Amino acid sequence: MTTFDNRENAFENKFAHDADLQFKITARRNKLLGQWAAEKMGLTPEETTSYATSVVQADFEEAGDEDVVRKLLGDLTSAGAEVDDAMIRTALEDKMVEARRQFIEQA
C-alpha cells in the first residue's frame, strides 16, 4: 500500500467514525427530548421510557428534525401541554448540547 492509500483509508475510517458518533448523539438527544416531553405530559416512568423510544424511532421517518418536531408538537398539543414550535426547537437545541456533553463525559 502506498502512503496515499493509507491516508485515504484513514480519512474513510474517520468519516465513518464521525457519522456513527453523530448518529448516537442524535439518538441520545431524541431520547432526552422524549423524556422532556413526557414530563410535560405527566407520563409515568414506564410510559416515559416507552415514549422516549417512540421519539427516537420517529426520527427515522425522514431526514432532518422535522419529523421529531411534528411528533412532539402533535403529542404535546393533544395532551393539553402549553407548547409551541419555538419551545420544541429550543428544547431540541438544549438537548443536543446535553447529549454531546454526556458523550464527552463518557470518553
Side-chain angles (χ1 to χ4, degrees):
M1 253 190 190
T2 66
T3 302
F4 181 76
D5 291 333
N6 290 338
R7 285 188 66 190
E8 183 179 17
N9 286 338
F11 281 118
E12 288 173 359
N13 290 338
K14 182 179 180 341
F15 179 81
H17 177 266
D18 290 350
D20 183 53
L21 184 60
Q22 186 59 41
F23 174 81
K24 289 178 181 178
I25 290 171
T26 301
R28 172 82 51 94
R29 178 210 59 191
N30 291 340
K31 180 179 177 182
L32 294 170
L33 200 56
Q35 292 169 344
W36 169 82
E39 182 180 330
K40 293 226 174 272
M41 291 186 284
L43 301 181
T44 67
E46 295 80 22
E47 292 169 328
T48 297
T49 301
S50 177
Y51 185 74
T53 301
S54 75
V55 173
V56 171
Q57 291 171 344
D59 196 23
F60 298 121
E61 291 177 15
E62 62 187 52
D65 296 331
E66 293 307 309
D67 45 0
V68 173
V69 171
R70 192 171 41 250
K71 175 179 180 39
L72 291 171
L73 188 58
D75 293 347
L76 287 164
T77 301
S78 295
E82 292 291 323
V83 296
D84 60 12
D85 188 74
M87 287 178 66
I88 291 172
R89 291 185 189 281
T90 299
L92 194 79
E93 292 172 15
D94 293 345
K95 298 306 178 187
M96 181 60 91
V97 170
E98 187 176 340
R100 282 190 180 123
R101 181 187 50 75
Q102 288 179 3
F103 267 89
I104 290 169
E105 290 174 356
Q106 279 183 338

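All values below were derived from every heavy atom in this structure, side-chain atoms included, with hydrogens, water molecules and symmetry-related copies excluded. The shown structure was predicted, so the numbers you read here are calculated from the model rather than taken from an experiment.
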S.K.: Measure the CZ-CG distance between Arg28 and Leu33 for me, rounded to the nearest 0.5 Å.
M.R.: 14.0 Å
S.K.: Hey, what do you get for OG1 (Thr26) to CG (Leu21), rounding to the nearest 0.5 Å?
M.R.: 9.0 Å
S.K.: Do Lys24 and Asp20 meet the salt-bridge criterion of a basic N to acidic O distance under 4.0 Å?
M.R.: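 Salt bridge present between Asp20 and Lys24.
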S.K.: Linking I/L/V/M/F/W/Y whenever any side-chain heavy atoms sit under 4.5 Å apart, do Leu32 and Val83 land together?
M.R.: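 Unlinked, Leu32 and Val83 end up in two clusters.
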S.K.: So does Glu12 have more than 12 non-hydrogen atoms from other groups sitting under 6.0 Å from CD?
M.R.: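 Atom CD in Glu12 is crowded, with more than 12 foreign heavy atoms closer than 6.0 Å.
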S.K.: Which pairs would a plain distance check flag for residues 42-49, meaning a side-chain donor or acceptor within less than 3.5 Å of a matching protein atom at least two apart in sequence or in another chain?
M.R.:
from  : atom 1 : to    : atom 2 : distance (Å)
Thr44 : OG1    : Glu47 : N      : 3.2
Thr44 : OG1    : Glu47 : OE1    : 3.2
Glu47 : OE1    : Thr44 : N      : 2.9
Thr48 : OG1    : Thr44 : O      : 2.8
Thr49 : OG1    : Pro45 : O      : 3.2

S.K.: Rounded to the nearest 0.5 Å, how far apart are CZ of Arg70 and CD of Glu62?
M.R.: 4.5 Å
S.K.: When rounded to the nearest 0.5 angstrom, what distance separates CD in Gln57 from CG in Asp67?
M.R.: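 Result: 12.0 Å between the selected atoms.
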S.K.: Consider side chain to side chain contact (heavy atoms under 4.5 Å, CB included). Of Val56, Val55, Asp65, which one does Arg29 pass it with?
M.R.: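 Testing each of Val56, Val55, Asp65 against Arg29, the sole residue satisfying side chain to side chain contact (heavy atoms under 4.5 Å, CB included) is Asp65.
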S.K.: Working to the nearest 0.5 Å, report the span between CZ of Arg89 and CG of Asp84.
M.R.: 10.5 Å
S.K.: In terms of heavy-atom contacts, does CZ of Phe103 have more than 12 from other residues, nucleotides or ligands at under 6.0 Å?
M.R.: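 Correct, the count exceeds 12.
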S.K.: Can you tell me how far CG of Leu72 sits from OG1 of Thr77, rounded to the nearest 0.5 angstrom?
M.R.: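 Going from OG1 on Thr77 over to CG on Leu72, the span is 10.0 Å.
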S.K.: Before accepting this row, confirm whether a basic side-chain N of the pair Glu105/Arg101 lies closer than 4.0 Å to the acidic partner's carboxylate O.
M.R.: yes
S.K.: Taking side chain as C-beta onward, heavy atoms only, is Ile88 less than 4.5 Å from Leu76?
M.R.: yes
S.K.: Does the side chain of Gln35 reach to within under 4.5 Å of the side chain of Glu39, using non-hydrogen atoms?
M.R.: no
S.K.: Any side-chain heavy-atom pair from Asp75 and Tyr51 closer than 4.5 angstrom?
M.R.: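 Yes - at least one pair of side-chain heavy atoms lies under 4.5 Å apart.
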S.K.: Do Met41 and Met87 sit in the same hydrophobic cluster, where Ile, Leu, Val, Met, Phe, Trp and Tyr count as joined when their side-chain heavy atoms come under 4.5 Å apart?
M.R.: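 In one cluster: yes.
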S.K.: Please find the pair of heavy atoms, one from Ala58 and one from Lys71, that lie closest to each other, and give the distance.
M.R.: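 The pair with the smallest heavy-atom distance is CB-CD, 3.4 Å.
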